[in-house]
Amino acid sequence: MVFSKTLTHWYSNNKRDFPWRKTKNPYYIWLSEIILQQTQVKQGLPYYEVFIRTYPTVFDLANASESEILKLWQGLGYYSRARNLHTTAKYIVNKFNGEFPSTYDDLLKLKGVGDYTASAIASICFNENTAVVDGNVYRVLARYFGIETPINSTKGTKEFKKLAQELIDKKNPAEFNQAIMEFGATQCKPKNPDCAACPFNNSCIALQKNMIDKLPVKQKTIKLRKRYFNFLVFISENGNTVLEKRKTKGIWQNLYQFPLIESNKSLNYKELKDIVNAHHVLNGNCFNLFLYNEDDIIHKLSHQHLYTKFWIVEVKTLHENSININDVKDFAVPVLIDNFLKSFNF
DNA sequence: AATTCGGGGCC
DNA sequence: GGCCCAGAATT
């Protein structure tokens, strides 16, 4: 109880001013929570502003096309969030006439809404007594209580959820949940937290044991995959090029890219040209091929490093479902492609 | 239980 | 270069 009291008091004096803190409309809270999953406020905030301006209600979002939503989501990453956002918007409009579910259990059924997000919406919008456990909460609790259970283990997930649920201020779950997250974000930071200025510096176990930089414990380190991408940037005499939609599961699903040849190593000019010829990409049309970037562009994702070459392919004509270069900007593309578009002058 | 989904910021 | 971020879905 002392913990909750101190925490909410700290929050009242230190909370930042964000647009989603001015409302309890579940549509806006839901939108903000999806955008902020695995995303820092600084990165997500501009996207939130654009989304509420473009889609003021869940009906507007449901009526939009997925491609349009993905275009607005471009650059934010984890694109399944945008696809699920659209699915859930349509579901809420069609099944509930636009009215959001109001309990943790019902919110949990929505696509893209897991334990954290269901708890956040239920507590903030409907005052339900259910504790959020995000990366901030793991860190704050692990340090304050000196808990060494790995946070990404089944045991840890249950243990921290139970503890947070015991600590929550039942009189004001919305305030408590946001307070502990804000505390983790700005005070009990991952690196170099200012423990001298912390309201818990006389009771924090990790501080007493000099374990601030060892908690929370996370097991397993992810392994990295290297991939080799060769994008074919076609340019025809009438200013057309070719984009294709990524339909396969994996990264960037439903985003657009230049035709891609993936290889198991970095290709040189001859190797690439042989493949292009062998695949009849151009049906024997003559073409002028050259490499845009001398050194591979290394695009880093969480689990993959993409060693990328952009090959310019000048041709006389292109097939009918090619698009004009000026229209490329209307398609949602990965940051890797977008960076190329910004640097390359068609 | 382990993997896979992005991209930016920080050290 | 490694770790983290208002996590969730899939395997």
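Protein chains get the first letters and strands the later ones, always in sequence-line order, with residue 1 at the start of each.
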> Is any side-chain heavy atom of A:F96 less than 4.5 Å from a side-chain heavy atom of A:D106?
Replying inline: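 Not in contact.
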> Can you find a pair of side-chain heavy atoms, one from A:V58 and one from A:E99, that are under 4.5 Å apart?
Replying inline: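 No, too far: nothing below the 4.5 Å cut-off.
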OP1 or OP2 of [N] under 4.0 Å from side-chain N/O of [X]:
X	N	result
A:Q38	C:dG7	yes
A:Y79	B:dG7	yes
A:W252	B:dG7	yes
A:R81	B:dG6	no
A:T117	C:dA8	yes
A:Q304	B:dG6	no

> Looking for any heavy atom pair under 4.0 Å, which part of the strands does A:G184 touch: base, sugar-phosphate only, or nothing?
Replying inline: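 Counting heavy atoms under 4.0 Å across all strands, no contact is made by A:G184.
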> Base, sugar-phosphate, or nothing: which does A:L76 touch, judged by heavy atoms less than 4.0 Å apart?
Replying inline: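 Base contact.
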Over how many whole Å does the gap from [X] atom [atom1] to [N] atom [atom2] extend?
X	N	atom1	atom2	answer
A:R246	B:dG6	CZ	P	9 Å
A:Y78	B:dT3	OH	P	15 Å
A:K42	B:dG7	NZ	P	18 Å

Partners passing side-chain hydrogen bond (donor to acceptor under 3.5 Å, both in side chains) against [X] (at least two apart in sequence or in another chain):
X	result
A:K223	none
A:N238	A:S236
A:Y91	none

Show each protein N/O and nucleotides 9-11 of chain C N/O combination with a separation under 3.5 Å, one pair to a line.
from	atom 1	to	atom 2	distance (Å)
C:dA9	OP1	A:G112	N	2.4

Could you list the donor-acceptor pairs under 3.5 angstrom formed by side chains in residues 112-123 of chain A, with sequence neighbours left out?
from	atom 1	to	atom 2	distance (Å)
A:D115	OD1	A:Y104	OH	2.6
A:D115	OD1	A:K161	NZ	3.1
A:D115	OD2	A:K161	NZ	3.3
A:Y116	OH	A:E33	OE1	2.6
A:T117	OG1	A:Q37	NE2	2.9
A:S119	OG	A:D115	O	2.9
A:S119	OG	A:T130	OG1	3.2
A:S119	OG	A:A131	O	3.4
A:S119	OG	A:K161	NZ	3.1
A:S123	OG	A:S119	O	2.8
A:S123	OG	A:A120	O	3.1
A:S123	OG	A:N177	ND2	3.0

>> Tell me which residues in residues 3-23 of chain A lie within less than 4.0 Å of DNA chain C, going by non-hydrogen atoms.
In response: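 Heavy-atom contacts with DNA chain C come from A:W20, A:R21.
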> Given a cutoff of under 4.5 Å between side-chain heavy atoms of I, L, V, M, F, W and Y, with clusters grown through shared members, what are the other residues clustered with A:L215?
Replying inline: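 Hydrophobic cluster check, A:L215: joined to A:M211, A:V217.
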>> Which residues end up grouped with A:I298 if you chain together Ile, Leu, Val, Met, Phe, Trp and Tyr wherever their side-chain heavy atoms are less than 4.5 Å apart?
In response: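 Same cluster as A:I298: A:Y228, A:Y307.
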>> Any residue in residues 294-301 of chain A with a heavy atom nearer than 4.0 angstrom to DNA chain B? Just list them by number, or reply none.
In response: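 Going residue by residue through residues 294-301 of chain A, the ones with a heavy atom under 4.0 Å of DNA chain B turn out to be A:H299, A:L301.
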According to ring-ring contact (aromatic ring centres under 6.0 Å, His included), who are the partners of [X], at least two apart in sequence or on a separate chain?
X	value
A:F340	A:F258, A:Y292, A:F310, A:F344
A:F176	none
A:Y55	A:F51

> Would you say the base of C:dG7 and the side-chain of A:Y116 have a donor-acceptor pair closer than 3.5 Å?
Replying inline: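 For A:Y116, whose side chain was compared with the base of C:dG7, there is no donor-acceptor pair (under 3.5 Å).
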>> Ring centroids only, cut at 6.0 angstrom: are A:F183 and A:Y11 within range, meaning strictly under it?
In response: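 When the ring centroids of A:F183 and A:Y11 are compared, they turn out to be at least 6.0 Å apart.
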